[in-house]
Structures are given as structure tokens and as C-alpha cells.
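Only this structure's heavy atoms are used, side chains among them; waters, hydrogens and symmetry mates stay out.
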Amino acid sequence: MAQLILLLAVSLSCLSALLPWSAAASYGGSGGGKPLVTAITKDAATKLYTAPLKDSRPLVLDLSGPLIWSTCPPKHPSFECHHHVCAHAHSYHPPDCPRTGHGVADEDDPFRCKCTAHPYNPFARKAGSGDLTRVTVTANDTNGKNPLHPVSFPAVAACAPHSLLAKLPAGTVGVAGLARSRVALPAQVSRAQKVANKFALCLPSGGQGVAIFGGGPLFLLPPGRPDVTTTLAGATPLRRNPALPGYFISARGIAVNQEQVQPGPLVVGLSSRVPYTELRADVYGPFVKAFDRATAGRKRVTPAAAPFELCYDSRELGSTRLGYAVPQVDLMLEGGTNWTVFGGNSMVQVDDNTACFGFVRMAKEEKGAPAVVIGGFQMENNLLVFDEEKQQLGFSSLFFGRQTTCSNFNFTLAA
């Protein structure tokens, strides 16, 4: 009987090793089944957003990335080619990367096929090859008001050569893919923590922003304010692109100063890879002309600061609680709601006296490109809730109107 119990224990241990995302997370304190919280920092040089997720070292957050990848030590575990996570890691193939199969022979065991993944650095537009492995993801569980306890769990990730870190913020060790993939970070947190497959993203313009994986609530200072996940301005269905793992929504049109200038339907993507919202050339032209007409009489600054087309003397724009007093931009979304962009998210301060309209023409229009790609600047100080279970995107509108920001989460550990 004792031998049977021992055999069962060993078998369960082996099964756990083969199924890393079914393993329970380890805690620095009691708890379990709670959402995880992490701080977000904006890198001034690259305008990318990072979080200390790999052994407390920073990874770049990528809304379009299908997997986690990082540099690895020389000795690391690997998955066999026939393992089901190997297939998931190859669900989306990087652009311009040759298809070389799913694995290579293990140097230590020529009869074993190691799964090879293909991490992609979209900022350098380079792909690499490396073992599919496990890394330790670190964060804190949370009650939505404070971090509670340190949490770590083994996550499926791809190893990458050091050269693939080119153009990433200094000190980062890889990328945390947040896209709609079974091996992206949100899905792995959901399985490890046994929480909802959803996450709330609050990107900072300065200081520390916050992300919560696994559902709300989320409270921002000052104390006494309601849970911001329950007071969203609207929600719209998430749509899929079969060729891409990122997040897409549908718009009925675009309005400037509450006048529609671009009819829909329009496919709209969300990307933390680009600093400013990009519009396809056929959409960008009428849109910028409409904003130019709506700001006639405002003192222009010429030539405009790259990469923008319209710049203004910011001393004469006037200000409101929501930023500069300029015409609002509305994305008229499927379902009847509007994502309204006020001056705090539309005007970029490029120097002490100049602010520019922060929308740019799409530089590279690939086949099937969305009409609009919402960039990081337009998402800052807005709460976005990516709910994979309800297949919808919730959004708060600019927090300035509530006299708070995404940097107002209390990261002091709860007593």
C-alpha cells in the first residue's frame, strides 16, 4: 500500500511538471485564487511600458504579443516537440521568419526533440529562435486596494538570444505578450491563479501605472473613491483577426468636435507597440483636415515637430480638467458607445510652448491593416478592461475628469 501511495505521488509530481500552467502558484503569505497586480513604468526613451514580471526584472508589455519571451541561462528546462504547449507557441508565426519546424534534437539526448519557439521583437522587427521553457513570473495578489502577498508561478516562455533585446528599454530582459493566446500572460495567470481570463490595464503618463490580471476590483487614490471597474464609460465587443493575436474592435465612424468625418465600419486595433494612434492614409487625411478646421484661429507652430502634422502654441490653447481646451475626438464604437479622446490624450507637449495633435499617418500599411491603431499615449490615464470571457473591451474615459490618474494605485503592501 505504501508503495502504491509513493507511486501515485511520483506520478502526480511528473504530471505537474508536464503541465506547468496547472501548477499552483507559490505565495509569500496565505491566500490563493486572487487577481495579481503589478506596477507599470513608462520608459522615457522608447515610450514603451514595462512591468517587473520575470523574477522581479522588467518585461516590456505587448498587447499584440502571443507569448512571453526572455533571455535564459545556459542551463534551463525545455519542452518536447510533441507537448501541446509547443503547438500553442506556434499558433502565430512571426513575420519574415522562416518556417523551420517545431523543434531540434536535444544536445544531451539525440533521441529527444526539443520544442523551438520563435520570439519576435516588433520594435527591432527581428525574430529569433530558442527553446520553449519555463520562467518564474512574479507579482502580488491583491484585493484591488493594495498588494497583499508576493506570488510566483512557473510560466511557459520562449528563450531568446541577447541580440533580440535591441531597441527595448535599458534593463529589460524580454517581452510579456498580453494578446489572445493560450501562452500569453493573461491566460497563464488565469490558469495558475484560477481566476477570470481578463485583465485591467491602466497605463501611466509618468510615475507608476497598474495592471490587474484576473478581474477587479480596482481602487485609485484618494481613499473613498468607488471601484473604477464598476464605473466604466462603456464597453464594446472584442473582434478577432484570424491572422493576428491582438485586440480589435469595430467603429461606426470617427467624429471631430461631435461631427462625423469618417464613416464606418472601421476595424480598430489597440497596441502598446506604437506611441501614438496611427490611422491608415485614407482615414488620416479627412480626420486631420477636420481637426485643422475645428481649430481655425488657434495659433499654429510651423514647421510641425515630427512625427506630427498639426502643432500649436500651447500658451494660447486654454485648459480644462481634461487637458487642453481643444475639440474632442470620438471613436463611435459598435454597440452605440463612444470612446471620447479629450485634450489630455490628444495633445502631446513637445516643448514648453508647443503642443501637437498626437495622431499620425500609418507608416507601413500591411495587407489587411486596421483603419486605426490606438497607441499608448491615447490609452494613458484610461482604464481598459480586456475581458476574454465576455469577449468585450471596457473603457473608463480619461481619469482627469475624476481627479485621479493611473499613477494613484496604492502599492504599499497591506498590513
Side-chain angles (χ1 to χ4, degrees), residues 40 42 49 63 144 198-207 209-212 216-222 224-238 247-261 264 266 268-272 275-277 287 291 294 317-348 355 357-359 372-387 390 392-409:
I40 302 173
K42 182 179 181 179
Y49 306 91
L63 281 170
K198 63 191 291 188
F199 67 99
L201 192 68
C202 209
L203 297 178
S205 54
V210 59
I212 290 185
L218 173 61
F219 297 89
L220 297 174
L221 297 173
R225 297 294 180 90
D227 167 16
V228 291
T229 67
T230 65
T231 57
L232 297 176
T236 191
L238 283 170
Y247 296 92
F248 299 90
I249 55 179
S250 180
R252 296 171 287 118
I254 301 174
V256 173
N257 210 23
Q258 300 182 320
E259 292 186 9
Q260 186 168 347
V261 297
L266 304 170
V268 178
L270 295 98
S271 177
S272 54
Y276 308 107
T277 293
F287 172 67
F291 192 84
L317 286 178
S319 61
T320 71
R321 283 195 309 163
L322 298 168
Y324 284 119
V326 295
Q328 71 186 48
V329 172
D330 286 290
L331 275 176
M332 305 160 63
L333 300 177
E334 178 183 6
T337 59
N338 285 1
W339 180 335
T340 301
V341 182
F342 298 102
N345 285 127
S346 67
M347 303 302 294
V348 180
F357 189 47
F359 295 78
V372 180
V373 176
I374 301 174
F377 183 80
Q378 278 71 36
M379 292 188 276
E380 289 175 0
N381 294 306
N382 290 255
L383 179 68
L384 300 177
V385 180
F386 298 83
D387 192 330
K390 292 183 179 179
Q392 73 176 24
L393 172 74
F395 53 93
S396 68
S397 191
L398 182 63
F399 275 145
F400 293 175
R402 307 186 196 189
Q403 297 182 307
T404 192
T405 72
C406 284
S407 298
N408 280 352
F409 182 78

Can you check whether [Y]'s main-chain N or O pairs, donor with acceptor, with [X]'s side chain at less than 3.5 Å?
| X | Y | value |
| --- | --- | --- |
| Ser319 | Tyr324 | no |
| Ser407 | Gly206 | yes |
| Arg321 | Gly401 | yes |
| Arg225 | Leu220 | no |
| Asn408 | Cys406 | no |
| Thr337 | Gly234 | no |
| Asn345 | Phe377 | yes |

Measuring from atom [atom1] of [X] to atom [atom2] of [Y], what distance do you get when rounded to the nearest 0.5 angstrom?
| X | Y | atom1 | atom2 | answer |
| --- | --- | --- | --- | --- |
| Leu393 | Ile249 | CG | CD1 | 5.5 Å |
| Asp330 | Glu259 | CG | CD | 11.5 Å |
| Ser272 | Ile374 | OG | CD1 | 12.5 Å |

Item to check | Steps toward side-chain contact (heavy atoms from CB on, under 4.5 Å) verdict (Phe409, Leu221) | outcome: CA-CA 6 Å; Phe409 182 78; Leu221 297 173; over 6 Å; no
Item to check | Between Ser205 and Asn381: side-chain donor-acceptor atoms closer than 3.5 Å | outcome: yes
Checklist entry - So, Asn382 versus Glu380: side-chain donor-acceptor pair below 3.5 Å or not? => result no
Next on the checklist: Once side-chain contact (heavy atoms from CB on, under 4.5 Å) is applied, do any residues pair with Phe219, and if so which ones, sequence neighbours excluded?
Outcome noted: Lys145, Pro217, Asp227
Next on the checklist: For Ala235, give me all partners under side-chain contact (heavy atoms from CB on, under 4.5 Å), at least two apart in sequence or on another chain.
Outcome noted: Gln392
Item to check | Contacts of Phe386 that satisfy ring-ring contact (aromatic ring centres under 6.0 Å, His included) - sequence neighbours left out | outcome: Phe199, Tyr247
Checklist entry - Does Phe395 have any ring-ring contact (aromatic ring centres under 6.0 Å, His included) partners at least two apart in sequence or in another chain, and if so, which? => result Trp339
Work out which heavy atom in [X] is nearest to a heavy atom in [Y]; give both atom names and the distance.
| X | Y | answer |
| --- | --- | --- |
| Ile40 | Cys202 | CD1-O, 4.0 Å |
| Leu331 | Ala251 | CD2-CB, 4.5 Å |
| Met332 | Asn338 | CA-OD1, 3.4 Å |
| Leu203 | Gly376 | CD1-O, 4.3 Å |
| Gln378 | Val341 | CG-CG1, 4.4 Å |
| Ser250 | Thr236 | O-OG1, 4.4 Å |

I want to check something: taking the side chain as every heavy atom from C-beta on, are [X] and [Y] in contact at a cut-off of under 4.5 Å?
| X | Y | value |
| --- | --- | --- |
| Met379 | Leu63 | yes |
| Leu270 | Leu384 | yes |
| Val256 | Phe287 | yes |
| Leu232 | Leu383 | yes |

Checklist entry - Passes side-chain contact (heavy atoms from CB on, under 4.5 Å), Leu218 versus Val385? Steps please. => result CA-CA 11 Å; Leu218 173 61; Val385 180; over 6 Å; no
Checklist entry - What do the steps show when you test Val228 against Phe399 for side-chain contact (heavy atoms from CB on, under 4.5 Å), and what is the final call? => result CA-CA 10 Å; Val228 291; Phe399 275 145; 4.1 Å; yes
Checklist entry - Could you walk me through whether Arg402 and Thr231 pass the side chain to side chain donor-acceptor pair (under 3.5 Å) check? => result CA-CA 11 Å; Arg402 307 186 196 189; Thr231 57; 2.7 Å; yes
Item to check | With sequence neighbours excluded, residues passing salt bridge (Lys or Arg N to Asp or Glu O under 4.0 Å) with Asp387 | outcome: Lys198
Item to check | Under the salt bridge (Lys or Arg N to Asp or Glu O under 4.0 Å) test, residues paired with Glu334 that sit two or more places apart | outcome: Arg239
Item to check | Within 6.0 angstrom of Gln260 CD, more than 12 heavy atoms from elsewhere | outcome: yes
Item to check | CA sep, side-chain torsions, deciding dist, call: Ile212, Leu201, side-chain contact (heavy atoms from CB on, under 4.5 Å) | outcome: CA-CA 7 Å; Ile212 290 185; Leu201 192 68; over 6 Å; no
Checklist entry - Less than 6.0 Å separating the ring centroids of Tyr276 and Phe359? => result no
